[in-house]
Amino acid sequence: MLDGIPIIRAAGVIVSNSAFRQSIISQNIANSDTPGYRAKDVAGSHPVELFESESSLRTTRSKHFHADSTSQRNSLIFEEQSNVSPNGNFVSLETEMVKMAENRQVHEMALSVYKSSLNLLRTSLGRG
Amino acid sequence: MANLLQSLSISASGLAAQAERLNIISQNIANADTPGYQRKQISFIQAFSEVGLDAVEVDQISLDTSDFKRIHSPSHPLANEQGYYEGSNVNLLVEVADSRQAQRSYEANLRSFDISRQMSQSLIDILKR
């Protein structure tokens, strides 16, 4: 029932996508010394792209909502060849730590949106 | 939630691999003056877990076959006619630099583990009012 409300559904999608991205980032960090390993990332994870894709939720009828907004498995992309170490490893620890911090903030923000929406519902029901 | 729990086990594999690396380094440093000691080298490889995520594991521990140091000490029990004996092939500078790198990677894995744990904790906190 809560999925019928676009903002709650959008917050849920962002939360699960950021959890998926966290697993990709922790793979990169664990393999930061493995020869020949290429760092991975999730496509469309830049914060600007996140908001652009979620703003398409505003439709006239809820039945027109597309299923791909709720898909979790975004495509994985590989890092560009900017910092290659001699053993062919592509991972830069600094980049990964920054990505992890950004991802954590996105996750927390989406959770806060989710919680405030639930509070709004409770208030409107008179059980605040 | 399953993603975050997988992140925990991936970071744990990174921690174990870096700890093994530090173990090898400290063996090398401890035996830096042992005659005839060949330093050990460790290499990592991706380990595919059942869900297709790349954890890391130790590939192999091999011996470095570079030349031994030749130390001039005529009074040493192992000295040959010219007064030289063979020490180890451990270079302390290399080992210390490697240990710094291992520590850095270890802390990054630890931070990743902590962040995953906190994110899953935040998810559970939704249930609290």
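Counting heavy-atom neighbours within 6.0 Å of A/Gln105 CD, excluding the residue itself, gives a total of 12 or less.
At least one side-chain heavy atom of B/Leu123 sits less than 4.5 Å from a side-chain heavy atom of A/His107.
Grouping the Ile, Leu, Val, Met, Phe, Trp and Tyr side chains by contacts below 4.5 angstrom, directly or via other members, places B/Ile115 apart from B/Leu15. In the hydrophobic clustering of this structure, B/Ile45 does not group with B/Val56; members are Ile, Leu, Val, Met, Phe, Trp, Tyr whose side-chain heavy atoms approach within less than 4.5 Å, directly or through other members. Hydrophobic clustering (ILVMFWY, side-chain heavy atoms < 4.5 Å, transitive): A/Leu121 and A/Val113 are in one cluster. A/Ile7 and A/Val15 fall within the same hydrophobic cluster, where Ile, Leu, Val, Met, Phe, Trp and Tyr residues are linked whenever their side-chain heavy atoms come under 4.5 Å apart, directly or through other members.
A pairwise comparison of heavy atoms in A/Ala19 and B/Leu4 identifies CB-CG, 3.9 Å as the closest pair. In plain terms, the two heavy atoms of A/Asn31 and B/Asp54 that are nearest each other are ND2-O, 2.9 Å. Contact record, B/Ser112 with A/Ile29: CB-CD1, 4.0 Å, taken as the closest heavy-atom pair. Between B/Ser122 and A/Glu108, the shortest heavy-atom distance links the atoms OG-OE2, 3.1 Å.
With values rounded to the nearest 0.5 angstrom, B/Ile126 atom CD1 is found 8.0 Å from A/Leu118 atom CG. Considering OG1 of A/Thr34 and CD of B/Glu57, their distance stands at 10.0 Å, rounded to 0.5 Å. Taken to the nearest 0.5 Å, the CD1 atom of B/Ile10 stands 6.0 Å off from the OG atom of A/Ser23. Taken to the nearest 0.5 Å, the CZ atom of B/Arg111 stands 12.0 Å off from the CG atom of A/Leu93.
Considering only heavy-atom pairs separated by less than 4.5 Å from chain A, the leading option among B/Ser105, B/Ala102, B/Ala17 is B/Ser105.
For residues 20-44 of chain B, heavy-atom neighbours of chain A at less than 4.5 Å comprise B/Arg21, B/Phe44, sorted by residue number.
Residue contact with chain A, scored on non-hydrogen atoms closer than 4.5 Å, involves the backbone and the side chain of B/Ala108 alike. Looking at B/Leu8, neither its backbone nor its side chain comes within 4.5 Å of chain A, counting heavy atoms on both sides.
In this structure, a donor-acceptor pair under 3.5 Å is absent between the side chains of A/Gln22 and B/Ser7.
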Go through the steps for B/Arg104 and A/Glu94 under the test salt bridge (charged side-chain N to carboxylate O under 4.0 Å, His left out), then give the verdict.
CA-CA 11 Å; B/Arg104 189 166 158 260; A/Glu94 292 80 10; 2.6 Å; yes

